[in-house]
Chemist: 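So that we are looking at the same thing, I have put the structure below in C-alpha cells.
Scope of the values below: all heavy atoms of this structure, side chains included, with no hydrogens, waters or symmetry mates.
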Amino acid sequence: QVQLVESGGGLVQAGGSLRLSCVASGRTGSNYVMGWFRQFPGKEREFVAAISWSGVRTYYEDSVKGRFTISRDNAPNTVYLQMNSLTHEDTDVYYCAATISTTIYKTVGSYDYWGQGTQVTLSS
C-alpha cells in the first residue's frame, strides 16, 4: 500500500503560480510512476502530468504544457507540480496518484493509489 497526501492548493489570482506537493508513504521502496490529475465538479477526472520513477521521463496534458512542471524527489518520496500562468480553467481539485510501474500512464484506471485531493481556485 502507498498512502499519498497532497498539499499546496489555495486561492490564487489569474496569472499567478502555485506549487502542489504530494508526499508518499508506505510501500515506497518499489519503482512507481506518479501523476497529477484534476477534476471539476460534475466532470470526469482528467490527466495533468506524470513522471517516471527516475524523474527522467515526464508527460503533460496539452493545455498545461509550458505552464506546469512536474518533478519528484525520491528522498523524501515527494512529487511536485509547479503551476505557472494559471487561468480560471485551471480551477479544479487536484489529485496525486501512484502506480507501481515502469510505464507512464495517462488514464485514471491505471493508477492504484490516490490522495484526497487539494483545491485550486482562481479568484475573480
Chemist: Going from OG1 on T58 to CD1 on I104, what distance comes out if it is rounded to the nearest 0.5 angstrom?
Modeler: 7.0 Å
Chemist: Which pair of non-hydrogen atoms, one from S85 and one from R67, has the smallest distance, and what is that distance?
Modeler: O-NH1, 3.0 Å
Chemist: Measure the OH-CH2 distance between Y95 and W36 for me, rounded to the nearest 0.5 Å.
Modeler: 12.0 Å
Chemist: Same cluster or not: V120 versus Y80, using hydrophobic residues (I, L, V, M, F, W, Y) connected whenever any side-chain heavy atoms lie under 4.5 Å apart?
Modeler: no
Chemist: Looking at W53, is its backbone amide N or carbonyl O close enough to the side chain of R57 to form a donor-acceptor pair, meaning the two atoms are under 3.5 Å apart?
Modeler: no
Chemist: Could you pull out all donor-acceptor pairs under 3.5 Å where a side-chain atom in residues 1-15 meets a protein atom, sequence neighbours excluded?
Modeler:
from : atom 1 : to   : atom 2 : distance (Å)
E6   : OE1    : Q116 : N      : 3.0
E6   : OE1    : Q116 : NE2    : 3.3
E6   : OE1    : G117 : N      : 2.9
E6   : OE2    : C96  : N      : 2.8
E6   : OE2    : G117 : N      : 3.2

Chemist: With distance as the sole test, does T99 use its side chain to make a donor-acceptor pair with the main-chain N or O of S101 at under 3.5 Å?
Modeler: no
Chemist: Any donor-acceptor pair under 3.5 Å linking the side chain of H88 with the backbone of S123?
Modeler: yes
Chemist: Please examine the side chains of V93 and T118, heavy atoms only from C-beta on, and report whether any two atoms are closer than 4.5 Å.
Modeler: no
Chemist: Could you tell me whether a side-chain N or O of N31 sits under 3.5 Å from a main-chain N or O of T102, the two making a donor and an acceptor?
Modeler: no
Chemist: Measuring from S52:OG to R72:CZ, what's the distance to the nearest 0.5 Å?
Modeler: 7.0 Å
Chemist: If I compare all heavy atoms of A50 with all of V33, which pair ends up nearest, and what's the gap?
Modeler: CB-CG1, 4.5 Å
Chemist: Does a side-chain heavy-atom distance below 4.5 Å link D90 with M83?
Modeler: no
Chemist: Establish whether L81 and F47 are linked, either directly or via other cluster members, by ILVMFWY side-chain heavy-atom contacts under 4.5 Å.
Modeler: no
Chemist: Say you draw a straight line from OG1 of T69 to OH of Y60; how long is it, rounded to the nearest 0.5 Å?
Modeler: 4.5 Å
Chemist: With rounding to the nearest 0.5 Å, note down the distance linking CZ in F40 to CG in D92.
Modeler: 7.0 Å
Chemist: Would you tell me whether N84 and S17 have side-chain atoms, one donor and one acceptor, within less than 3.5 Å of each other?
Modeler: yes
Chemist: Taking it one step at a time, do D112 and I100 satisfy side-chain contact (heavy atoms from CB on, under 4.5 Å)?
Modeler: CA-CA 8 Å; D112 299 308; I100 298 174; 5.6 Å; no
Chemist: Could you check whether any side-chain heavy atom of R38 comes within less than 4.5 Å of a side-chain heavy atom of K43, counting everything from C-beta outward?
Modeler: no
Chemist: Just how far is it from atom OG1 of T91 to atom CG of L122, taken to the nearest 0.5 Å?
Modeler: 4.0 Å
Chemist: Restricting to pairs with a member in residues 97-124, which pass ring-ring contact (aromatic ring centres under 6.0 Å, His included), not counting sequence neighbours?
Modeler: F37-Y111, F37-W114
Chemist: Can you confirm if the NZ or CZ of R19 lies within 45° of the ring axis of Y94 and under 6.0 Å from the centre of its six-membered ring?
Modeler: no
Chemist: Could you tell me which non-hydrogen atom of A24 sits nearest to which non-hydrogen atom of M34, and how far apart they are?
Modeler: CB-CE, 4.3 Å
